[in-house]
Amino acid sequence: MHILVTNDDGITAPGLMALARAMRPLGKVSVLAPDHNWSASGHVKTLNRPLRVREVHLADDLKGYASDGAPSDCVALAMLGFFPEKVDLVVSGINPNINVGHDLTYSGTVTAAMEAVISGVPGLAFSMDSPVDSLDELHYESAARVASKITEKVIAGQFPPSTLLNINIPNLRENEIKGIRVTRQGLRIYRDQLVRRLDPRNRPYYWIGGDSPLGVPEEGTDYGAVTDGWVSITPLKLDLTDYETLSILSRAPWEL
Ligand code: MN
């Protein structure tokens, strides 16, 4: 079992190291992650410039590789033969902040897992419910143990290669976590505001600011579960077709 560990926060992020350590008992671990933070970068395929990769020494004698590409580029590199051994599974994270609802379309953590599934192997994305802007004393070790237990199940179970799981873990000690809930995507409430300022040359620039997003804590959803102290596992698929609307549209007359 050859497990690729990546993330969107960059090769130096503590969540990456915690996840890599947790994967070591489960198989051969390779780390290939971006050389800087790509959070909220969406699903990227870098085609118009070369991708550079350099070797990095991580803690615990673990060798890693840092790329100037996006998280999904890191997965593509690995799947297309960067490592001599075929990759069987991709785990991404542990992102310090949750990825729920519409976040999934922005999330580098999740799009790395999506890239795995596009390449034909299961992809698991792990995120934690940490307060935005406070990265102190996060329970990475507890989240990593949860990640290891879930990954072990994916390795042992007969899940299809298209298995794409979005996992959100409360920022709690392991014994404070209530358990696991299988959920659907919930709804985010974004509070983005456009901030317009002037640069030192008096030219305007724009910055998307505003308060961090809220969510609708509905039962059965990712946001509902994780904010209530449960680990949330949401199975995803890349088929974005809206079948309900497809059926309505199919009944409409569409002659030109
Ligand atoms: Mn991130």
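Quantities reported herein were computed from a predicted structural model and do not represent experimental measurements. One-based numbering, in listed order, for ligands and for the atoms of each.
- If you look at the Mn ion (ligand 1), the protein N, O or S atoms less than 2.8 Å from it are Asp8 OD1, Asp9 OD1, Ser39 OG, Asn95 OD1.
- The two residues Lys86 and His2 make their nearest non-hydrogen contact at O-ND1, 3.0 Å.
- Counting heavy-atom neighbours within 6.0 Å of Asp61 CG, excluding the residue itself, gives a total of 12 or less.
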With side chain to side chain contact (heavy atoms under 4.5 Å, CB included) as the criterion, how do Ile167 and Ile233 come out once you've worked through the C-alpha distance, each side chain's angles and the decisive distance to 0.1 Å? CA-CA 5 Å; Ile167 296 128; Ile233 304 184; 4.1 Å; yes

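- Nearest heavy atoms, Gly69 versus Cys74: O-SG, 4.3 Å.
- Within 6.0 Å of CD1 on Ile208 lie no more than 12 heavy atoms contributed by other residues, nucleotides or ligands.
- Here Thr46 pairs with Val44, Arg49, Leu51, Asp73 under the side-chain contact (heavy atoms from CB on, under 4.5 Å) rule; sequence neighbours left out.
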